Number of protein chains: 2
Amino acid sequence: MFDLDLKSRIPIYEQLVEHIKEMIFQGVIQADEKMPSVRQLASELTINPNTIQKAYRELEQLGYIYSLPGKGSYVKEVSEMKTEVHVSALKEDLISILKELLFLNVSKDEIVGIIDAVEDEIEEVNVDENRSE
Amino acid sequence: MFDLDLKSRIPIYEQLVEHIKEMIFQGVIQADEKMPSVRQLASELTINPNTIQKAYRELEQLGYIYSLPGKGSYVKEVSEMKTEVHVSALKEDLISILKELLFLNVSKDEIVGIIDAVEDEIEEVNVDENRSE
DNA sequence: CATCTGTATTAATTAGTATAATACAGTTAG
DNA sequence: CTAACTGTATTATACTAATTAATACAGATG
């Protein structure tokens, strides 16, 4: 489920944060769903619980999950997420990637094609969700 | 010229790499133009020459510049850059950012608008270049 | 009550970053 | 030719961040 690179220059807890964010965006984990416990995920991935906790703490600070001591950690509703900060930071990242792609002669049409593909992928997931309900 | 954050979690040499890449993409530094020498830039930024050298070495490995021992470091021609690897890596980054933006309910239209804006910005730089020739 | 949950703390290890001080060889202008 | 510039390499040191390890405490739950 998780493919972590222990030798990467990117810290494990950051890889976890990115991976879990992806799962939320993809709908793999849904709002108010209970996430694996710190110790459980730690033993699954044979990683120290402190590292998992650090990732969860960051996800909570970022506003993607919330934790109830004694109970567990849960995914937040999109409507409850503070999106403004994320969105503006993401736009900055987007712009610098676009600059580089256009500099390397990737056409606008091709980029728009990628947007369409990603949009379609998300659509499909939503359709699957509706089917299973 | 360079606005470095010495306290950032991102290493100085990585900030330098990103900054110089940006300057190349923007046309601020052009193909075959001589870059500031390792020692000169180090004293300008009051940073250790080794750190500058590390940034230059990475830029060279990435294929953005080339160095001639005894002469200096120069920006490569776009046509000489190995673009394939960069482009596919950039597309991966682009996709994960798009997933997040769409998840946070940013519309496709708005994203396309950003592409247009970046494209226009690059156009303007090119016009300026033609004027000054 | 036993066992799960999140959370916190302290210590030790390791790896990466940055500085410092040199050194060597190629280039070039005076 | 020489002085002053270039890139490049090496070694040692200091510092910081990441990770593991070993505990501990308090809330939730069957």
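Being a predicted model, the structure only gives us computed values, none of them experimental.
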Spacing of Asn48(B) atom CG relative to dC15(D) atom P, expressed in whole Å | 16 Å
Separation of dA23(C) atom P from Gln53(B) atom CD, nearest Å, is 17 Å
When we call it a touch if two heavy atoms are under 4.0 Å apart, what does Glu14(A) touch: a base, just sugar-phosphate, or nothing?
-> nothing
Are any of Lys71(A)'s side-chain N or O atoms less than 4.0 Å away from OP1 or OP2 of dG6(C)?
-> no
With respect to the side chain of Pro69(A), which nucleotide from dA18(D), dA18(C), dT7(C) is positioned closest?
-> dT7(C)
Could you say whether Asn50(B) or Arg9(A) is positioned toward the 5' end of DNA chain C, judged by the nucleotide with the nearest heavy atom to each?
-> Arg9(A)
Measure from NZ or CZ of Lys99(A) to the centre of the six-membered ring of Phe25(B) and say whether it is under 6.0 Å with the direction within 45° of the ring axis.
-> no
Whole-Å gap separating C1' (dT19(D)) and CG (Leu6(A)) | 11 Å
Going by an N to O cut-off under 4.0 Å, is there a salt bridge joining Glu18(A) and Lys21(A)?
-> yes
Looking only at side-chain N and O atoms, does Ser73(B) come under 4.0 Å of OP1 or OP2 in dG7(D)?
-> yes
Picking from dT7(C), dT5(C), dA18(C), which would you name as closest to the side chain of Gln40(A)?
-> dT5(C)
Phosphate contact (dT17(C) OP1 or OP2) by Lys54(B) side-chain N/O below 4.0 Å = yes
Minimum-distance nucleotide (side-chain atoms of Ser67(B) versus dT17(C), dG6(C), dG7(D)) | dG7(D)
From CG of Leu41(A) across to P of dT20(D) the rounded distance in Å is 12 Å
Take Ser37(A) and Leu68(B), find for each the nucleotide of DNA chain C with the closest heavy atom, and name the residue whose nucleotide sits nearer the 5' end.
-> Ser37(A)
So, is Tyr13(A) near the phosphate of dA18(D), with a side-chain N or O under 4.0 Å from OP1 or OP2?
-> yes
Nearest-angstrom distance from the residue atom CG of Leu16(A) to P of dT19(D) = 9 Å
Nucleotide dA18(D), atom C1' - distance to CD1 of Ile47(A) in whole Å | 12 Å
Answer yes or no: is there a side-chain heavy-atom contact under 4.5 Å between Ile115(B) and Lys108(A)?
-> yes
For Glu58(B) and dT17(C), what is the distance between atoms CD and P respectively, to the nearest whole Å?
-> 9 Å
Atom CD1 of Ile52(B) and atom P of dT6(D): how far apart are they, to the nearest Å?
-> 13 Å
Using the six-membered ring of Tyr13(B), assess whether NZ or CZ of Lys54(B) lies under 6.0 Å from its centre and within 45 degrees of the ring axis.
-> yes
Phosphate OP1/OP2 of dT17(C) contacted by Thr51(B) side-chain N/O (<4.0 Å) = no
What does Arg39(B) touch in the nucleic acid at a heavy-atom separation under 4.0 angstrom: a base, only the sugar-phosphate, or nothing?
-> base
How about Tyr64(B) and His86(B): are their ring centroids closer than 6.0 Å?
-> yes
